[in-house]
Each structure stands twice: as C-alpha cells, then as structure tokens.
Amino acid sequence: MAGGKAKKEKPKASAGAHAPYQGGISFHKSKGQHILKNPLLVDSIVQKSGIKSTDTILEIGPGTGNLTKKLLEAGKMVIAVEVDPRMVLELQRRFQGTPLSNRLKVIQGDVLKTELPYFDICVANIPYQISSPLTFKLLNHQPSFRCAIIMFQREFAMRLVAQPGDKLYCRLTVNTQLLARVSHLLKVGKNNFRPPPKVDSSVVRIEPRKPRIEVKQKEWDGFLRICFNRKNKTLGSIFRQKSVITLLEKNYKTVQALKLTGQGLMEDNHDEIDFSRLGNSNEDLSMDVDDDGADEEMEVEDGDVEGEASEFKDKVLAVLKEGDFEEKRSSKLTLQEFLYLLSLFNKAGIHFS
C-alpha cells in the first residue's frame, strides 16, 4: 500500500518471476502465489464470513498466514491446506509458541488431491487456475459445510453469480447454482496483493443447497452441453440440428431396447451428483469460454432429416412446444426452467446420456 519507492524497486532487482517477501520467501506467480497484504481487506473478509467461535475453518493456500491469524482468533480451529513446503514452515514458525498454535492444523499438499476433513466454513484466497475444479470439489464435499467465502478472479466470480440474460451467464453458472446459492460480497483491486496479479478479484459467498436438487449427473451434463452449445440461438434451432437429433435418437433406441430386455430405464439409475470432473483443466476452458459472436462459421444447420429420424425430430420438437421453449434461448433460461425442460424430455423417453 503506502510502501516507499525504494522498497518497490528491490523486487525488480531479483528474479523476474518471483517477488520477495520481507521474510526472505519469494512468491511464485506461476503457482498463483499472490499474498493479500491489505489488513483492512483481511478484516473485511473475516467479518463477512460470519464465523462462529465454534467453527472449524478450512483455509486453502494460507501463504504466510495473514488471513490465518484472523481466522484463528475468530473460530475454534483452522485447517490450512498449503502446497508449498516453504509456506508451511513459515506458517508453523509464525504461530509456534503462541496460544493459537494448538488450534492450527497444517496439511501440506495439493488441495485438489487431498481428502478434505470435516469443516464448517471455508475461507480462501486461491490460485486462480484451480478455481473451477476447486469449486466443484468443495460442492461435492460430504458432509456439507455451511458456506465458503472465496476470492476468485473477477470474471470467474461474475460467472458464478450471473443471472439469466447476463453476458457471462453460462454452463458453469447453471452447474454451480444447481448445487449452491452464490452471492457477490466485495471487489478487490489487484494492488491489494503482493505481487499484484494481472487482474482484479472478487470475493463470493457460496452456500450449498440443503437439501440438494436431485439430478442425474451424466444426464444433466449432456443436456446442458447441448443447450449451451450455442447459448444465443433459440432452443428450436439447436434441437433441430442433425447431430443433436442423431445423438438423442440413439439414446432413445438404447432406452427402448433396455425396456424390452427388462433391464429397466436409465432414469432408474440414480447416480449421485459428482461434478468433480466438471472442473478438470480441459473442462475449464469449455465452461468458461462461450460462443458469443463466433457462431456463424460453426453453425451448420445440417440438412433436413428423413424417415424415422424425421419422426423422432418431430417428437423432440413437440417437447419444446409443450413447454413453450421453442423460441427461448439458453442464455435467458432460469435454473428452474432448465430442470423443467429436462423433466419434459425424460417424460417423453428422451435422454441425454
């Protein structure tokens, strides 16, 4: 913040990708190590977290412990997950011999590969490259926690809280809001960090839905992929595409065959929601980047289908008509409308997995 110029120039003299910390630790930008240095902001995050004195708090990426200290003072216990062994040592050194040390448990490891213990609340300033997989890992965690207060890159945060009709409303939005209520708490400028990242951040509150909305993961995922393939096209034009009709007809025939052989319907298999795979690195791009503007060359209204397929196409379009969805666009549908449309398709024996 107010640090004089001489101090600012020192980091430049050292390694390009690292920025030294006053205790001698250099932060790796490549690992997303940006330490929150503004004490007022740290206080504000803790205050907005609504921590109770009986709470076990999960902190991800504690760094040198600026936020950890405040969390220890507010709650009963802090479980800190940190991948960098240097930070783990710094954290232990910082609280050693203080009354707070016996209420701090440090787990060294990659949070995405670590089995997380029970916690009431999660407070985290995370490396932005793990935003999507971490969000779904947390939402998949059992037993469910009360809430998570997480700092994300601004655009990612705005996708999570987007509403139908917003430019950033996408598949990531709907998948997150299926599992949780998400609200925006505060904006955080890049200069609140050492070293400053390239982008601004936002803090959001994520509250898992209790009880969960029951859907079958593969079915829901397949359905949303089709709907958001061209989110600004009408559902009528999306579901008229030959490739979509072919896929759905194949699923339909599989279901009918299972019925005949007495193996029952796909919809009887209630798999648990497992959205963890929605967060792997390949998925991230497809969830975070949308189709605005780029559709024309890719939008192939693939010729009309004939015979049997044409009959099946009529069946699909009849479902859209029944729910009055033919002229609607995915970019403007609410979560409830997506759930309703999927239920209409399923009722007609049309499946997406």
Side-chain angles (χ1 to χ4, degrees), residues 1-4 7 10-11 18-29 31-127 130 134 138 141 145-151 185-186 188 191-197 201 203 205:
M1 294 290 283
K7 225 179 184 182
K10 249 188 187 172
H18 302 175
Y21 166 63
Q22 65 270 32
I25 292 179
S26 58
F27 298 138
H28 297 272
K29 282 190 182 184
K31 289 182 182 168
Q33 287 179 346
H34 299 279
I35 305 300
L36 203 49
K37 65 177 185 180
N38 181 346
L40 293 176
L41 194 57
V42 172
D43 287 343
S44 180
I45 290 170
V46 173
Q47 185 197 334
K48 287 179 183 289
S49 300
I51 296 166
K52 299 175 185 171
S53 58
T54 52
D55 280 344
T56 294
I57 305 155
L58 175 71
E59 187 186 7
I60 297 157
T64 55
N66 294 346
L67 180 58
T68 315
K69 183 173 184 290
K70 299 287 183 183
L71 296 176
L72 283 165
E73 289 165 356
K76 177 181 163 191
M77 183 180 181
V78 173
I79 298 163
V81 183
E82 173 57 67
V83 72
D84 189 335
R86 302 167 311 147
M87 298 291 182
V88 170
L89 283 173
E90 176 66 20
L91 211 56
Q92 287 165 338
R93 198 179 298 133
R94 181 169 183 168
F95 297 105
Q96 210 169 22
T98 73
L100 299 174
S101 67
N102 58 359
R103 294 197 283 112
L104 172 66
K105 180 185 176 186
V106 185
I107 298 172
Q108 187 187 327
D110 177 344
V111 68
L112 295 178
K113 296 173 184 162
T114 302
E115 196 171 324
L116 300 175
Y118 172 87
F119 60 95
D120 298 295
I121 187 165
C122 173
V123 183
N125 162 26
I126 62 166
I130 67 166
L134 180 66
L138 289 175
H141 182 73
F145 52 94
R146 190 167 77 250
C147 75
I149 310 294
I150 303 183
M151 183 148 6
L185 294 182
L186 60 131
V188 183
N191 293 329
N192 290 289
F193 297 91
R194 184 195 303 110
S201 306
V203 179
R205 179 186 182 89

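Worth saying up front: this structure is predicted, and the values here are computed from it rather than measured.
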Check whether any side-chain heavy atom of L58 sits under 4.5 Å from a side-chain heavy atom of I121, and report yes or no. no
Between N66 and R94: side-chain donor-acceptor atoms closer than 3.5 Å: yes
Hey, are the side chains of P62 and L67 touching, using non-hydrogen atoms and a 4.5 Å cut-off? no
Side-chain heavy atoms of K48 within contact of L186, under 4.5 Å: yes
Check whether any side-chain N or O of S49 sits under 3.5 Å from a backbone N or O of I45 as a donor-acceptor pair, and report yes or no. yes
Donor-acceptor pair, R205 side chain versus C147 backbone, under 3.5 Å? no
Could you walk me through whether I130 and L112 satisfy the side chain to side chain contact (heavy atoms under 4.5 Å, CB included) test, starting with their C-alpha distance in whole Å, then the side-chain angles of each, then the deciding distance to 0.1 Å, before giving a yes or no? CA-CA 8 Å; I130 67 166; L112 295 178; 3.9 Å; yes
Side chain to side chain, L89 and R93, heavy atoms closer than 4.5 Å: yes
If we only count heavy atoms from C-beta on, is the I57 to I79 side-chain gap below 4.5 Å? no
Side-chain ion pair, K69 and E73, N-O less than 4.0 Å: yes
Is R146 paired with D55 through a side-chain N to carboxylate O contact shorter than 4.0 Å? yes
Under 3.5 Å, is there a donor-acceptor pair between the side chain of T114 and the main chain of L116? no
When rounded to the nearest 0.5 Å, the distance separating CD of E59 from CD1 of I126 is 12.5 Å
Given side chains that start at C-beta, do those of M77 and K105 come closer than 4.5 Å, heavy atoms only? yes
Any donor-acceptor pair under 3.5 Å linking the side chain of E82 with the backbone of G63? yes
State, with a plain yes or no, whether a side-chain heavy atom of D120 is found less than 4.5 Å away from one of F145. no
Residue pair C122 / L138, side-chain heavy-atom distance below 4.5 Å: yes
